[in-house]
Amino acid sequence: MQQARDILKQAELLYSSEQVQAALRNVAQQINAKLADKHPLVLSVMGGAVVFSGQLLPLLDFPLDFDYVHVSRYGDARHGGAMQWKVEPRENVRGRVVLLLDDILDEGHTLSVLRERVLELGADKCYSAVFADKQRGRKKPISADFVGMEVPNRFVFGYGMDIEGAWRNLPAIYAVKE
Ligand code: IMP
Ligand code: MG
């Protein structure tokens, strides 16, 4: 689709793939330091967390279990809409230390709702890691325990984050020109 190529051509590069990889290593170290003896259940939030999860997991040096949930908030729009569950968290979280992985913390609805569900289902503790934390300049209902990098309050894409469904595959992070 030509349109997706045009979007990329007009976008601004925020972080190169080298910067992204450095931030990834950093967040992996933080998680290794904190969760090494917890044998967590890692829950990846599909689809945005697919790249972050796939690259983070091999950098974690302790035993863990892996599962996923699928929720989408944006659909194809650029602004948050209703949360739509496709795969919900399930009973396997009971009694576990859970680590939620998501691509980006924006308003914080997705992770705060997810965290509540996981705790309702009987998880012992729920941590969260996001690759990007959007600087909205307002308090969010949840803050992530582990953050890869901060991004400005703009619509960003790449490294798992989509723009109108496209470009999750980019290794760097871009912002739509305003
Ligand atoms: P929140 O519920 O407002 O925190 O939104 C988080 C979800 O919205 C993330 O899981 C992303 O999938 C999506 N999202 C938020 N901001 C962006 C963005 O700038 N680009 C792409 N996706 C985004
Ligand atoms: Mg998402």
Side-chain angles (χ1 to χ4, degrees), residues 1 3-17 19-20 23-24 27 31 41-57 66-89 93 98-120 126-178:
M1 213 167 50
Q3 204 194 338
R5 291 189 192 279
D6 288 341
I7 288 172
L8 180 59
K9 228 184 264 164
Q10 287 156 24
E12 180 184 336
L13 177 69
L14 290 183
Y15 294 106
S16 68
S17 62
Q19 288 173 305
V20 164
L24 178 70
V27 80
I31 297 171
L41 171 62
V42 178
L43 280 189
S44 179
V45 185
M46 292 293 124
V50 65
V51 178
F52 177 39
S53 304
Q55 294 198 333
L56 175 72
L57 258 53
F66 179 77
D67 201 358
Y68 69 95
V69 296
H70 193 174
V71 61
S72 76
R73 178 133 197 264
Y74 271 68
D76 278 347
R78 291 186 192 180
H79 299 286
M83 272 182 65
Q84 197 187 343
W85 288 101
K86 294 179 178 167
V87 179
E88 301 204 30
V93 304
V98 171
L99 172 64
L100 302 174
L101 300 182
D102 206 358
D103 50 358
I104 183 165
L105 185 67
D106 183 11
E107 291 175 89
H109 291 292
T110 304
L111 273 191
S112 66
V113 168
L114 195 49
R115 180 172 193 278
E116 257 165 53
R117 292 295 281 268
V118 159
L119 291 173
E120 266 168 29
C126 184
Y127 292 93
S128 54
V130 293
F131 188 72
D133 190 358
K134 201 182 277 192
Q135 301 305 288
R136 297 188 67 95
R138 256 187 274 146
K139 193 150 167 44
K140 304 185 183 195
I142 186 172
S143 57
D145 300 287
F146 310 99
V147 174
M149 49 178 37
E150 295 184 345
V151 296
N153 190 11
R154 295 170 62 181
F155 195 85
V156 299
F157 63 97
Y159 207 65
M161 294 174 279
D162 72 297
I163 173 111
E164 292 162 22
W167 288 133
R168 289 192 199 272
N169 52 308
L170 293 169
I173 294 183
Y174 295 81
V176 175
K177 278 248 169 75
E178 275 152 4

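All values below come from the heavy atoms of this structure, side chains included, with hydrogens, waters and symmetry mates left out. Just so you know, ligand 1 is whichever comes first in the structure, and atom 1 is the first atom listed for that ligand.
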Are any of the N/O atoms on G108, whether in the backbone or the side chain, positioned under 3.5 angstrom from an N/O atom of ligand 1?
yes
I'd like to know whether K140 forms a side-chain contact (heavy atoms from CB on, under 4.5 Å) with D133, so could you lay out the CA-CA distance, the side-chain angles of the two residues, the decisive distance to 0.1 Å, and finally the verdict.
CA-CA 11 Å; K140 304 185 183 195; D133 190 358; 2.9 Å; yes
Taking non-hydrogen atoms only, is V45 closer than 4.0 angstrom to ligand 1 via side chain, backbone, both or neither?
neither
Any heavy-atom pair between the side chains of V20 and P171 that's under 4.5 Å?
no
Is there side-chain contact between I163 and Y174, with heavy atoms separated by less than 4.5 Å?
no
Note, D103 side chain near F131 side chain (heavy atom, < 4.5 Å):
no
Closest heavy-atom approach to atom 18 (C) of ligand 1 among D162, D106, V156 is made by V156
Residue M161 vicinity, atoms of ligand 1 by number, heavy atom under 4.0 Å
21 (C)
Of all the heavy atoms in F155, does at least one lie under 4.0 Å from an atom in ligand 1?
yes
Have a look at ligand 1 and work out which part of T110, if any, has a heavy atom under 4.0 Å from it: side chain, backbone, both or neither.
both
Between F146 and Y127, what is the ring plane arrangement, given parallel below 30°, perpendicular above 60°, and tilted in between?
tilted
Side chain to side chain, D106 and R136, heavy atoms closer than 4.5 Å
yes
Where does M83 meet ligand 1, judged by heavy-atom distances below 4.0 Å: at the side chain, the backbone, both, or neither?
neither
Considering the heavy atoms of K134, write down every atom of ligand 1 situated less than 4.0 Å from one of them.
16 (N), 17 (C), 18 (C), 19 (O)
Does the side chain of Y15 reach to within under 4.5 Å of the side chain of L13, using non-hydrogen atoms?
no
Per-atom filter on ligand 1: closer than 4.0 angstrom to a heavy atom of H109 are 1 (P), 2 (O), 4 (O)
Short list, please: which atoms of ligand 1 are under 4.0 Å from a heavy atom of R154?
19 (O)
